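Just so it is clear, the structure is predicted and the values come from calculations on it, not from any experiment.
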Amino acid sequence: MTKKKIVLLDGNSLAYRAFFALPLLTNDKGIHTNAVYGFTMMLETILDNEKPTHVLVAWDAGKTTFRHSTFTEYKGGRQKTPPELSEQFPYIRKLIEAFGIEQYELDLYEADDIIGTLSRECSEAKAEVVIISGDKDLTQLANEQTTVCITRKGITDLEKYTPQHIEEKYGIEPLQIIDMKGLMGDASDNIPGVPGIGEKTALKLLKEYGSVENVYQSIDQITAKKMKENLVTNKEQAFMSKELATIEVHAPIEVSLADLDFAGRNEEEVIQLYKELQFNSLLEKLDAPVEVQHLEEIEIQTVDEVTADMLTDTMSIHVEIDGDNYLSASILGIGLSNETNTYFVPTNVAASSAVLKEWLEDHATLKYASDSKSAYAAIARLGMELNGTDFDLMLAAYIVNPSFSTGEVAEIARSFGYHGVKSDEAVFGKGAKRSLPAAEQLAEHVARKAHAVWELYPVVSKQLEENEQQELFHELELPLAKILGKMEVTGVKTDLDVLQTIGQQLSERLALIEKDIYEMAGEKFNINSPKQLGVILFEKIGLTPIKKTKTGYSTAADVLEKLENEHEIIQHILLYRQLGKLNSTYIDGLSKEIHEDGKIHTRFQQALTQTGRLSSINPNLQNIPIRLEEGRKIRAAFIPSEPEWIMFAADYSQIELRVLAHISQDEKLIEAFKQGADIHTKTAMDVFGVSEEDVDSNMRRAAKAVNFGIVYGISDYGLSQSLNITRKEAGEFIDTYLASFPGVKQYMDDSIADAKQKGYVTTLLNRRRYLPDITSSNFNLRSFAERTAMNTPIQGTAADIIKKAMIDMDARLEKEQLQTRMLLQVHDELIFEAPVEELERLKEIVPEVMEQTLQLDVPLKVDWNHGKSWYETK
DNA sequence: CCTTTCACG
DNA sequence: ACGTACGTGAAAGGC
């Protein structure tokens with residue numbers, strides 16, 4: 001007989017976890033499904049990974065438990081279960097049943113106690129037990145047979161607590177977790193513990209005395225006066241807390257191991273339930289026919305010739321691409337729709353149609369696009385131009401809520417309650433199985449996307465209206481989409497020879513460094529593998545690990561720099577990493593991206609970042625090296641695409657701090673910028689209380705770090721890391737800063753309060769970002785949301801400004817009939833290529849346009865440079 | 001596919 | 001007492 005393996009799941013805890021980890025989803029009947037979906041994913045992964053012979057899901061019985069007779073306020077102050085979750089519990093139970101898994105609950109007891117009792121019985125019977133929960137309390141049950149898995153992040157990422165792991169992490173045994181809770185309490189269960197004692201102190205006490213009982217027996221040995229006092233006055237509370245935290249392992253349960261046989265799931269029931277819940281991706285995995293969500297009947301016409309009567313004054317348009325790169329992948333066809341008709345136009349028909357060309361290029365006919373930038377670029381490849389774009393579903397959804405948009409029509413549509421489109425995955429398949437469907441299915445899919453845009457236009461427009469974001473959408477993002485499309489299609493000329501020459505030199509140096517490293521290590525190994533490198537540095541050589549990652553020793557640069565004086569191998573590794581990065585990401589990576597026209601065509605993601613910035617992909621041209629000279633040379637490969645032209649680059653100076661000055665209305669900060677002061681020096685003068693002459697380079701460096709921190713939503717820890725000082729010192733720095741810039745302090749407090757009250761923060765041009773975690777009881781999530789509340793209006797307003805400048809710049813170049821082309825945007829800078837004759841004009845208009853695009857209460861300042869390559873624009 | 005590392009603003 | 005600075009994308013290793 002094979003060895004028994006029992007999996008015990010904490011139903012309530014996992015359902016809560018699933019609910020909060022996933023965005024709200026609904027099926028077509030309006031029932032929320034996110035917790036059920038998350039629970040399903042957990043079950044599937046756990047069953048897959050653990051392959052148990054026996055399984056049980058334990059549930060909490062009800063509101064009152066035997067613990068309440070000890071302490072009536074046990075679990076008091078908890079928020080009511082949200083109704084969106086409550087309605088899902090019956091489905092979770094059905095699901096568990098369909099999976100062929102037993103479930104059990106017991107009056108007056110919690111799921112913990114059922115799990116505790118069973119795991120004791122099983123481990124006494126020498127069976128292997130795996131416990132799954134989101135509640136760390138259960139780790140007290142870990143022993144040689146029993147592993148406790150606690151959800152870490154998301155829904156399927158579990159941290160495994162074995163006695164060894166607990167020892168490494170806390171330095172105590174599993175049962176001492178109870179003592180730890182007794183001392184520190186547990187806010188989420190309303191267990192009081194001893195005031196003033198947190199995790200750190202609790203662990204210190206336990207390492208010394210072993211248990212709560214022993215702490216009190218040896219109470220006279222404790223010298224810290226305040227702590228001793230707290231312990232003494234709260235003795236009863238400490239013992240009660242320990243009692244509350246103790247899981248009952250002798251609960252009067254009526255199930256036993258024999259009842260928990262796991263025979264596998266009932267496929268039919270599972271499929272039935274998945275269909276009801278519309279878990280289409282899971283159905284596909286089962287090879288079950290996906291229930292097509294009651295798609296509204298629409299008549300679709302595949303046309304072999306575009307005629308004038310088809311094309312009306314206003315239509316929606318979707319250009320379908322085979323893959324995501326609309327600059328290179330083949331164009332599969334165009335969908336067009338209005339209130340009466342929906343068409344699919346195959347690419348060959350579209351490409352040769354003069355009628356279509358005329359309509360597309362007409363500024364007077366309005367187009368509602370699914371993704372106007374991709375449509376613009378793809379249509380450009382057919383030798384036509386797209387004009388008259390009046391709506392863009394992807395952009396509009398992104399403006400309404402930047403966390404919405406994944407770029408897929410089906411998904412965006414769903415988030416606005418429209419279910420008439422299939423997902424691309426359902427039509428094309430995924431990964432290696434991806435393929436083109438039959439012509440008819442393709443036509444229908446493309447046409448349905450166009451139709452979805454048509455249907456959603458009024459819905460999303462109304463939302464924009466309600467949010468007062470019509471202007472942001474129509475005046476900023478929509479015109480910008482076309483400009484970005486133009487930039488992408490234009491591309492940047494790249495000199496492969498330059499890249500190869502640099503690459504050659506790098507390879508030679510890397511080979512030498514590699515040899516040195518092997519010699520110093522005494523063996524060959526893969527330097528690029530953090531795992532292997534960790535073994536060499538921290539086990540073989542015996543250096544002291546400074547930081548750990550989830551999987552082992554950290555070998556990140558900041559760690560290695562601290563070890564630089566310990567062993568000469570370190571500096572070689574750092575150099576190897578630095579040069580290796582240049583070689584793989586930039587030399588090899590960029591070389592592969594040069595098209596036949598000798599140019600690199602990046603794509604700007606306009607509906608992705610949570611702050612309103614752009615991002616750049618395939619390749620990323622927003623992170624070309626500059627800080628170190630060796631990397632900066634890469635920029636010499638980016639050159640003008642015409643002979644006798646030059647590169648011209650202009651960047652905003654300190655735009656984020658200027659934005660901060662404007663939105664915080666801090667008088668001192670505004671004054672500093674009005675005077676044209678060096679802002680870091682000025683900050684140093686205020687923080688250190690010295691005159692300008694007395695600011696030394698260290699003070700300025702510290703002030704600069706503080707300024708960065710302020711923009712990021714400062715924390716003492718973050719600043720301490722960046723300046724390599726203690727947290728206390730960092731905290732004092734921050735206090736001094738905020739005391740001398742009271743307007744900034746006020747802004748920080750106001751943005752957090754604002755986010756709490758409204759649920760979102762906004763930028764100057766009314767871009768929004770929702771911050772649901774701002775009210776979380778989880779310290780980390782809440783702190784993160786608070787920093788985001790401070791940072792997003794700053795970073796986002798800066799993004800608004802440069803976007804507007806791009807629109808103004810494009811118009812100005814057009815107006816003055818210049819040949820200059822805008823090529824790239826790198827968050828606070830714009831890069832152009834230009835005929836040398838236009839240089840003098842650019843020196844005037846580029847800074848003028850960028851500085852005047854929006855009037856703030858501080859001046860905007862732009863620096864510019866030019867040269868024969870991007871490298872020379874410095 | 002996830003994690004780690006590192007390039008940019 | 002929490003163990004991270006804000007926002008990104010790409011490459012490599014390893015499961």
Inter-nucleotide P distance (C:dG3, B:dA7), Å rounded: 28 Å
In chain order, what residues pass the salt bridge (charged side-chain N to carboxylate O under 4.0 Å, His left out) check against A:E564, with sequence neighbours excluded? none
When we call it a touch if two heavy atoms are under 4.0 Å apart, what does A:R782 touch: a base, just sugar-phosphate, or nothing? nothing
Listed by chain and number, what are the side-chain hydrogen bond (donor to acceptor under 3.5 Å, both in side chains) partners of A:K51, not counting sequence neighbours? none
5' precedence on DNA chain C between A:D588 and A:G196 (nearest-nucleotide basis): A:G196
Starting at OH of A:Y576 and ending at P of C:dA12, how long is that distance when rounded to a whole Å? 11 Å
Between CD1 of A:I587 and C1' of C:dA10 the distance, given in whole Å, is 15 Å
In whole angstrom, give the distance that lies between atom CD of A:Q605 and atom C1' of C:dA10. 13 Å
Nearest-Å distance, CG (A:N618) to C1' (C:dG9)? 9 Å
Counting only side-chain nitrogens and oxygens, does A:Q532 get under 4.0 Å of the OP1 or OP2 atom of C:dG14? yes
Select base, sugar-phosphate, or nothing to describe what A:G718 touches, counting heavy atoms under 4.0 Å on all strands. base
Residue pairs fulfilling salt bridge (Lys or Arg N to Asp or Glu O under 4.0 Å) with at least one residue in residues 718-730 of chain A, sequence neighbours excluded: A:D716-A:R727, A:K728-A:E732
Test item: side-chain donor near acceptor, A:E477 and A:Y398, under 3.5 Å: no
How many Å lie between CG on A:L205 and P on C:dA1, as a whole number? 10 Å
Between A:R577 and A:E561 (salt bridge meaning N to carboxylate O under 4.0 Å), is one present in this structure? no
When the side chains of residues 784-797 of chain A are checked against the rest of the protein, which donor-acceptor pairs come out under 3.5 Å, sequence neighbours left out?
from	atom 1	to	atom 2	distance (Å)
A:T788	OG1	A:F784	O	2.6
A:N791	ND2	A:V711	O	2.9
A:T792	OG1	A:R769	NH1	3.0
A:T792	OG1	A:T788	O	3.0
A:Q795	OE1	A:T611	OG1	2.8
A:T797	OG1	A:L764	N	3.1
A:T797	OG1	A:P793	O	2.5

Which residue, A:L614 or A:F708, contacts DNA chain C at a nucleotide closer to its 5' end, judged by nearest heavy atom? A:F708
Quick one: A:L533 CG to C:dA12 C1', roughly how many Å, whole number? 13 Å
In whole angstrom, give the distance that lies between atom CZ of A:R787 and atom P of C:dG7. 9 Å
Students often get this wrong, so: under 4.0 angstrom with heavy atoms, is A:G713 touching a base, only sugar-phosphate, or nothing? nothing
With A:Y760, which residues qualify under ring pair (Phe, Tyr, Trp, His ring centres under 6.0 Å), at least two apart? A:Y770
Please name all residues satisfying side-chain contact (heavy atoms from CB on, under 4.5 Å) with A:K160, sequence neighbours left out, ordered by chain then number. A:E50, A:T147, A:C149
Residues at least two apart in sequence or cross-chain that pass ring pair (Phe, Tyr, Trp, His ring centres under 6.0 Å) with A:Y712, listed by chain then number, are none
So what does A:T792 hit on the nucleic acid, given a heavy-atom distance under 4.0 Å: a base, only sugar-phosphate, or nothing? nothing
Find the distance A:N707:CG to C:dA5:P and express it as a whole number of Å. 20 Å
Once pairs are restricted to Watson-Crick or G-U wobble with both distances under 3.5 Å, how does DNA chain C read as a dot-bracket string, [ ] for crossings and | for other-strand pairs? .....|||||||||.
Which letter, B, S or -, goes with each nucleotide of nucleotides 4-9 of chain B from 5' to 3', with contact meaning a protein heavy atom under 4.0 Å? SSBBBB
